[in-house]
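Shown next, in structure tokens, is the structure this report addresses.
Sequence positions, counted from 1, serve as the residue numbers for this chain. One-based numbering, in listed order, for ligands and for the atoms of each.
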Amino acid sequence: MKTKDAVVIITGASDGIGAQLAAQLRRGGARLVLAGRNEAKLQKDASPNDLIVPGDLTQDSDRVALIERAAERFGRIDALINNAGRGSYYRPSEAPIDDARSLFELNFFAPLHLAQLATPLLCQAKGTLVNIGSIASQIAIPWLPVYSASKFALASLTISQRMELRKHGVNVMAVYPGYVTTDFQAHAAGSAPPASVVKGKRFAVTAEQCAAAVIEGMEQRRQLVVTPKIGWSVVWLSRLFPGLVERRMEQV
Ligand SMILES: NC(=O)c1ccc[n+]([C@@H]2O[C@H](COP(=O)([O-])OP(=O)(O)OC[C@H]3O[C@@H](n4cnc5c(N)ncnc54)[C@H](OP(=O)(O)O)[C@@H]3O)[C@@H](O)[C@H]2O)c1
């Protein structure tokens, strides 16, 4: 798809990867709809042409308002980027059930519901649906178990959505970032990850790099973007040698 003049909804546009997606798409001439809870942050770098729809995407009514206001303002939706998400650093045996439910509400049910609401307009535009997953969509992360489960669920949903929407001309793209230098960890619930995880940060990409990879993927109508590219080795290792990866992760 061409992103110039495209109407693009970005959830979680107030921070991190979403804020970078907004900045880069704006520079490329896209017409933006920006969602998140923090209105001041959404406004900070916005242009007067951006539509800002503050809201809590764990709430059905705020999801409905987001898609309705985008449709009202622009009359079309060329792309929906389901990017808002958060982590939760608890062991499986200790994860508070309320936190697990609210995490799924944001990381899984919001992308599902928003895609349902946007589907008629995405089909009309033969547009693009992007679900920001994670390398944790492919390997179970024991220090982020509920997060990882939510991203596995989202990865599976993304494939089903592609099977449904391909015939309507909609490209459905999954994104599996590895470690991205944002405030994700500070915004997560629970305690810090194990110290040895810090080693993985040497392969980190910036939010700018991650956003650029997403936009390139959208423009080339890819089905899957893995960033950084070394993440592909994790994807293939986990598919070919799941037992080995499981035991390795257990030792971290
Ligand atoms: N950083 C990484 O290493 C990494 C790796 C793999 C995948 N990811 C994924 O990339 C996506 C973006 O993460 P990030 O690193 O950019 O995180 P971030 O800096 O913490 O940004 C998260 C965004 O989600 C929004 N958000 C959180 N709760 C929300 C709610 N209830 N309703 C609406 N918006 C909400 C936040 O906005 P408000 O606070 O304004 O609501 C913020 O804009 C997430 O899906 C994450 O799982 C990140």
Side-chain angles (χ1 to χ4, degrees), residues 9-24 32-46 52-67 80-89 99 101-114 130-139 141 143-144 146-155 157-158 174-189 192-193 197-198 200-211 213-214 224-228 230-231 234-235:
I9 301 178
I10 308 169
T11 69
S14 54
D15 236 318
I17 299 165
Q20 270 306 314
L21 282 166
Q24 293 181 28
L32 300 180
V33 182
L34 307 177
R37 291 165 304 178
N38 189 323
E39 188 170 0
K41 280 193 184 174
L42 290 171
Q43 295 279 7
K44 196 170 141 272
D45 299 312
I52 291 174
V53 188
D56 180 347
L57 293 174
T58 64
Q59 303 301 311
D60 286 2
S61 55
D62 288 4
R63 297 172 194 154
V64 171
L66 172 60
I67 302 302
L80 166 64
I81 308 181
N82 280 314
N83 164 74
R86 73 163 174 91
S88 176
Y89 292 90
D99 181 68
R101 281 208 181 94
S102 84
L103 183 141
F104 259 79
E105 204 55 68
L106 180 66
N107 291 11
F108 179 75
F109 290 109
L112 169 64
H113 193 190
L114 289 168
V130 180
N131 287 330
I132 306 287
S134 167
I135 284 293
S137 308
Q138 296 292 298
I139 57 171
I141 311 273
W143 55 94
L144 276 167
V146 178
Y147 172 79
S148 203
S150 72
K151 295 294 188 179
F152 265 74
L154 184 61
L157 173 69
T158 307
V175 182
Y176 300 159
Y179 186 79
V180 187
T181 49
T182 66
D183 289 334
F184 173 86
Q185 207 170 298
H187 297 153
V197 172
V198 174
K201 293 187 182 174
R202 67 178 183 274
F203 298 116
V205 291
T206 62
E208 289 89 329
Q209 290 168 320
C210 183
V214 174
L224 175 60
V225 168
V226 179
T227 179
I230 194 166
V234 177
V235 171

| Is there a donor-acceptor contact under 3.5 Å from the side chain of Asn131 to the main chain of Ala174? | no

| message | Any side-chain to backbone donor/acceptor pair from Ser148 onto Ala136? Under 3.5 Å, distance only. | response | yes

| query | Is there a donor-acceptor pair closer than 3.5 Å between any side-chain N or O of Lys151 and the backbone N or O of Ile132? | reply | yes

| query | Ignoring hydrogens and geometry, is there a side-chain-to-backbone donor-acceptor pair from Asp183 to Ala186 under 3.5 Å? | reply | no

Which protein N or O atoms sit under 3.5 Å from any N or O of ligand 1? Give atom names and distances.
unit_1: ligand 1; atom_1: 1 (N); unit_2: Val180; atom_2: O; d: 3.2
unit_1: ligand 1; atom_1: 1 (N); unit_2: Thr182; atom_2: OG1; d: 3.1
unit_1: ligand 1; atom_1: 3 (O); unit_2: Val180; atom_2: N; d: 2.8
unit_1: ligand 1; atom_1: 3 (O); unit_2: Val180; atom_2: O; d: 3.3
unit_1: ligand 1; atom_1: 15 (O); unit_2: Thr182; atom_2: OG1; d: 2.5
unit_1: ligand 1; atom_1: 16 (O); unit_2: Ile17; atom_2: N; d: 2.9
unit_1: ligand 1; atom_1: 20 (O); unit_2: His187; atom_2: ND1; d: 2.6
unit_1: ligand 1; atom_1: 28 (N); unit_2: Arg37; atom_2: NH2; d: 3.2
unit_1: ligand 1; atom_1: 31 (N); unit_2: Asp56; atom_2: OD1; d: 2.9
unit_1: ligand 1; atom_1: 32 (N); unit_2: Leu57; atom_2: N; d: 2.9
unit_1: ligand 1; atom_1: 37 (O); unit_2: Ser14; atom_2: OG; d: 2.8
unit_1: ligand 1; atom_1: 39 (O); unit_2: Arg37; atom_2: NH2; d: 3.0
unit_1: ligand 1; atom_1: 40 (O); unit_2: Ser14; atom_2: OG; d: 2.7
unit_1: ligand 1; atom_1: 40 (O); unit_2: Arg37; atom_2: N; d: 3.1
unit_1: ligand 1; atom_1: 40 (O); unit_2: Asn38; atom_2: N; d: 2.8
unit_1: ligand 1; atom_1: 41 (O); unit_2: Arg37; atom_2: N; d: 2.8
unit_1: ligand 1; atom_1: 41 (O); unit_2: Arg37; atom_2: NE; d: 2.6
unit_1: ligand 1; atom_1: 41 (O); unit_2: Arg37; atom_2: NH2; d: 3.4
unit_1: ligand 1; atom_1: 43 (O); unit_2: Gly12; atom_2: O; d: 3.1
unit_1: ligand 1; atom_1: 43 (O); unit_2: Ser14; atom_2: N; d: 3.4
unit_1: ligand 1; atom_1: 43 (O); unit_2: Ser14; atom_2: OG; d: 2.8
unit_1: ligand 1; atom_1: 43 (O); unit_2: Asp15; atom_2: N; d: 3.3
unit_1: ligand 1; atom_1: 45 (O); unit_2: Asn83; atom_2: O; d: 2.7
unit_1: ligand 1; atom_1: 45 (O); unit_2: Lys151; atom_2: NZ; d: 2.9
unit_1: ligand 1; atom_1: 47 (O); unit_2: Tyr147; atom_2: OH; d: 2.6
unit_1: ligand 1; atom_1: 47 (O); unit_2: Lys151; atom_2: NZ; d: 3.1

| Presence of salt bridge, Arg86 and Asp99, under 4.0 angstrom | yes

| task | Could you tell me if the ring centre of Tyr147 sits under 6.0 Å from that of Phe184? | result | yes

